Amino acid sequence: MQQGKVIKAVGGFFSVRDRAGSEYLCRARGSLKKGKQALIAGDEVMFEPLKEPSGDESGEGVVEKVLPRANFLPRPPVANVDQVVVVMSLKKPDCDWQMISRVAVLAEKEDLPVLVCLNKTDLISPAEIGRLNNLTDPFPYPIIYTSALSGNGTDDLEKRLAGCCSALAGPSGVGKSTLLNFIQPGLSLQTASVSEKIDRGRHTTRQVTLLTLDNGGTVVDTPGFSRLDLKSLEPEQLAGCFPELEAIRGRCGFRDCQHLNEPNCAVPEELGRTINPMRFEHYKFFMQELSQ
Ligand code: GDP
Ligand code: ZN
């Protein structure tokens, strides 16, 4: 048996890449088709290459076993990622800050680092950049600004994708494919207008593919997501998924302070200092959502 990584999962078939870079089209043993251990992209697996009658490898194989996952992201399902990169555009469509926090909570839940990439900087004015700086001061995650049109900032993004596996999250139309194509032209990902994509999204089945970059990074190409629910989280766990709230834990009057009007809560003192007011609004919004 050989070890490999599932780089694509579609319709009961799995592309598995071995350490040397060869790809095998695999099926999975019955027990790996359903339930919690169902094979997904990013899984490290043990597989048996199949042979032709001549004794040569056929390029096909059977996955026998899934190795334990370091982490798991549910939407789209992908295993063993090293960081989550939330991509948003600043215009067309407008930046959805709450969605950034939502994705970040899910990443934090899996103990994954978060990077925010704000694309289409070419569409905003210097005055708007000033407003953005205010809006994001402070911000608990690194932010990089890019334009896939002019190439500004894409070298920074490329550096941050090198040598690790990144899950790219972000709605359709923000420029994920254009950015990846800019970083590595050979990928030739399909880009399309927002309405075309929404149309296509309705009619095609979702597949998850790990793209390999020349800089040693892999990127999970997510076909866009429409909603992300935090339901798997208990309300008491939410503050732990906001690093700026986690940082003041122990300074509130109650050890299990949920930062919602409790006496001697440290949040009011930190609002606008170490805690971004917009982020705290997201926290309250998610709290309400989780308490329903
Ligand atoms: P995806 O759905 O996130 O993969 O988005 P695409 O890469 O398909 O881009 C959607 C549209 O936005 C396309 O028409 C792109 O040409 C355009 N686009 C992508 N990046 C930029 C950018 O930095 N600036 C501008 N002005 N347009 C961009
Ligand atoms: Zn508190």
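Computed from a predicted structure; not experimentally measured. Atoms within a ligand are numbered from 1 in the order they appear, just like the ligands themselves.
To the nearest 10 degrees, the angle centred on the Zn ion (ligand 2) between SG in Cys257 and SG in Cys265 reads 110°.
Contacts between Asn119 and ligand 1 below 4.0 angstrom, taking non-hydrogen atoms only, involve the side chain exclusively. Under 4.0 angstrom from ligand 1, the non-hydrogen atoms of Leu149 come from both its backbone and its side chain. Contact annotation for Leu123 and ligand 1: only side-chain heavy atoms (C-beta onward) come within less than 4.0 Å of the ligand.
The two atoms that bring Arg69 and Asp43 nearest to each other are NE-OD1, 2.7 Å, heavy atoms only.
Figure legend: cation-pi geometry between Arg17 and Tyr24 absent, as NZ or CZ is not positioned both under 6.0 Å from the six-membered ring centre and within 45° of its axis.
Geometrically, ligand 1 and Asp122 share a nitrogen or oxygen pair separated by less than 3.5 Å. Any N or O atom pair closer than 3.5 Å counts here, and Lys176 shares at least one such pair with ligand 1.
Residue contacts with ligand 1: Gly170 is excluded, as none of its non-hydrogen atoms falls under 4.0 Å.
Each of the following atoms of ligand 1 lies closer than 4.0 Å to a heavy atom of Ser172: 2 (O). Close approach to Val174 involves these atoms of ligand 1, each under 4.0 Å from a residue heavy atom: 3 (O), 5 (O).
Side-chain contact check for Glu244 and Thr274: no donor-acceptor pair (N or O, by modelled atom type) lies under 3.5 Å. In summary, the side chains of Gln258 and Tyr283 do not present any donor paired with an acceptor at a separation below 3.5 Å, with no hydrogens or angles considered.
More than 12 non-hydrogen atoms from other residues, nucleotides or ligands lie less than 6.0 angstrom from CZ of Arg251.
Among pairs with a residue in residues 121-132, those fulfilling side chain to side chain donor-acceptor pair (under 3.5 Å) read Lys91-Glu128, Asp122-Ser147, Ser125-Glu128, at least two apart in sequence or across chains.
Checking Thr178, Leu179, Ile124, Leu168 against atom 9 (O) of ligand 1, the nearest heavy atom belongs to Thr178.
Within His259, the N/O/S atom positioned nearest the Zn ion (ligand 2) carries the name ND1.
Look at Glu289 and Arg102 and you find a salt bridge, because one of the NZ, NE, NH1 or NH2 atoms lies within 4.0 Å of a carboxylate O, short of that distance. Using a 4.0 Å cut-off between charged side-chain N and carboxylate O, Glu44 and Lys5 make a salt bridge.
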